[in-house]
Amino acid sequence: MELIINDLCKTYKNGYVKALNNFSAELTPGVYGLLGPNGAGKSTLMNIITDNLNADSGEVLFDGKNIKRLGKDYRSVLGYMPQQQGLYDDFTANRFLWYMAALKGLKKKEAKGKIPRLLETVNLTSAAHKKLGSFSGGMKQRVLIAQALLNDPKILILDEPTAGLDPKERIRIRNFISTIAKDKIVILATHVVSDVEFIAKEIILLKDGELLEKDTCHNLLKAIEDKVFEITSLSCDLAKIQASYRVSNIYRDDENIISRVVADDPPEEYKYQCVKPTLEDLYLYYFE
Ligand code: ADP
Ligand code: MG
């Protein structure tokens, strides 16, 4: 199974920037972390991949066939959790899933079997008959993931599924996505590094509508392994360091200040040591 994205370009009618600029990628089963700052084009890309938005040019092929031509056949293998989605506060979780199942054209018998299982998977069985209005952020996100899974999608598109969640809920959702990802192409958009750091087969770095890199976390970090430094200085130097470097962390060690910086060249004017990069350093390197 593969999803091939060829040369997508998109400029919104009222927009003056290219939301997507010649974006191409080949995807096979596994989790892809789509990482980029706000406005990078993540949602635009996902809306085009899910055929909710037309690109100006370019194409998306599912197993060699243009998704435009596949139409309904494509939709039936697709699960999508959009970034902004309203929930009906008066619906219970159970009713909401029944409603979504009807919209997706599931047969009653199918829905009857599937909905309780999905509620179980997203750990909401005990809350199934509570109103969505009373749900926490994490519970709402889990209901939205559940609706995206109603049709057993082969392609699962999740647009910022952990937005607004506390760390515990974030971890829970992350682990959950990891367990359901088998045999699916999962694309998970986020601007939060830790959402994808451990579960993504590959990370796709998107900036200003352009693909910067697409590679394993390991390889991406390897590429910047000589670009992260810890500078030991007096606190009076801090302002100068911050003005000349991208600083990813600062901490105090006795009377010294340790600044973690990301730079192409070593900060020779200070006492420094080269340190092992993290994905946060990578984010800073590409996006700040
Ligand atoms: P992301 O999801 O990475 O935050 P988006 O795809 O939402 O990025 O946005 C990419 C660019 O397209 C931004 O410059 C944004 O302002 C613009 N944009 C997004 N949606 C619209 C729209 N409906 N109309 C006009 N411009 C838009
Ligand atoms: Mg977005």
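If you're wondering where the values come from, they're calculated on a predicted model, not measured in any experiment. When a ligand or atom number is given, it counts from 1 through the structure's own listing order.
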Exercise for the section: Walk me through it: do E288 and R246 pass the test salt bridge (Lys or Arg N to Asp or Glu O under 4.0 Å)? Expected result: CA-CA 7 Å; E288 290 296 313; R246 286 166 284 182; over 6 Å; no
Exercise for the section: Would you please test K42 and D159 for salt bridge (Lys or Arg N to Asp or Glu O under 4.0 Å) and show each step? Expected result: CA-CA 8 Å; K42 303 183 295 295; D159 199 349; over 6 Å; no
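Relative to the ring axis of Y12, K10 places its NZ or CZ within 45° and under 6.0 Å from the centre.
With no hydrogens or angles considered, a side-chain donor-acceptor pair links Y285 and D264 at under 3.5 Å.
With sequence neighbours left out, the ring pair (Phe, Tyr, Trp, His ring centres under 6.0 Å) criterion links Y88 to F91, Y99. Scanning for salt bridge (Lys or Arg N to Asp or Glu O under 4.0 Å) contacts around K114 gives D152, with sequence neighbours left out.
The pair K154-D183 does not count as a salt bridge, with every side-chain nitrogen at least 4.0 angstrom from each carboxylate oxygen. Using a 4.0 Å cut-off between a side-chain N of Lys or Arg and a carboxylate O of Asp or Glu, K68 and D51 qualify as a salt bridge.
Of the possible donor and acceptor atoms, one in the side chain of N47 sits under 3.5 Å from a partner among the backbone N and O of S43.
Around the Mg ion (ligand 2), the protein atoms of type N, O or S that sit closer than 2.8 Å are S43 OG, Q83 OE1.
Sorted by chain and number, the heavy-atom contacts of ligand 1 below 4.0 Å come from Y12, N14, V17, A19, P37, N38, G39, A40, G41, K42, S43, T44.
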